[in-house]
Amino acid sequence: MLYFQVVILAAAVMLVYYCEFTDTFSPAQQGFACRDPALTRPDPGPEQLSRIQPVILYSVVGGLPVVLISGVELVIFLIHHNSNNLYDQDKVVVMGDCCYVNPMVRRTFRFLGVYVFGLFATDILVNAGQLVTGSPAPYFLSVCQPNYTALGCQDVAHFVSQSDACTGDADDITRARKTFPSKEAALSLYTAVYLAMYVMSCIGTSGGRLTGPLLSLSLVSLAVLTGINRVAEYRNHWSDTIVGQVIGGAVAVFLVAFVVQYFKERPGIPRSPSDAGTANTDEASPRMNHTMETCDKDTAARYIN
Ligand SMILES: *[C@@H]1O[C@H](CO)[C@@H](O)[C@H](O)[C@H]1NC(C)=O
């Protein structure tokens, strides 16, 4: 039911809101070893001072899919507009008799809807991980400023588990405890993998042999660099970044594989008989048309009902 999906999405939005913009939930207080060398990096300051600023990261994560998916769908639609073969099965769908929605618009909203859902899911998973672990950042001791004398740190191996061990600024300490897994790594890789899979199945090799692969690899590389930058700026440990990337990549692969099988069913590109000699015409079109039908039943059941 559409209604049910709206409820799920609204719940996800509210959870994200409470995690991101309120301090309803505060991270666990994980202890630390006195003078642990892994936690004594200098404080890199608030996120706004990062080389990859939050405003840029979130603009890309939120805006690039809208631009890319709408653009590709528009191009596909224009190319096949007159061939009247592309969206045939899709037109029979599904909104009842009341309304006809342009199939390009519906496909675009479907891809973007699943994308947004996955984005919220990734964000919730990452926030939950950060709150549950409360794992200290590489600069934790710089902002915590524990009183080593009072804590009995003459013995180097001493482990501090008091929750009031820190004397530093409370907001900085909270920031330094929200590190595992890395949100920036997770969201950027989620976006990159989702878009790469979309590009590979919807553009494929049709824009020249290398367009799709090049675009996909660039996206994934940029996302991986975003994660590495977190470590380079002492904002995260390697483990934070890697686990964040695994979460983001896994959510994207899961959604594309099990929710949007639609991605795989690239509409068969109908060609005029004069084009019949070109490489992928012969084997591609009948198979594509076949999967398009099965796909249509599935997606109809999955999305709209
Ligand atoms: C640290 O704790 C000791 C012992 O409780 C106290 O004498 C000292 O003033 C404290 N130092 C700071 C910087 O708070």
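Position 1 is the first residue of the sequence, and the numbers go up from there. Both ligands and their constituent atoms are indexed starting at 1 by order of listing.
Salt bridge D43/R175: present, at least one basic N to carboxylate O contact under 4.0 Å.
Of all the heavy atoms in R230 and E47, the pair that sits closest is NH1-OE1, 2.9 Å.
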Mind listing the N or O contacts between ligand 1 and protein, cut-off under 3.5 Å?
residue	atom	partner	partner atom	Å
ligand 1	2 (O)	N147	OD1	3.2
ligand 1	2 (O)	N147	ND2	2.3
ligand 1	11 (N)	N147	ND2	2.8
ligand 1	14 (O)	N147	ND2	3.3

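Side-chain contact of T40 with Y139: a donor-acceptor pair under 3.5 Å is absent, judged by distance alone.
The side chain to side chain contact (heavy atoms under 4.5 Å, CB included) test applied to V67 returns no partner, not counting sequence neighbours.
Within a 6.0 Å sphere centred on OH of Y18, other residues, nucleotides and ligands contribute 12 heavy atoms or fewer.
The aromatic rings of F111 and Y198 sit perpendicular, their planes meeting at an angle over 60°, well past the 30° parallel limit.
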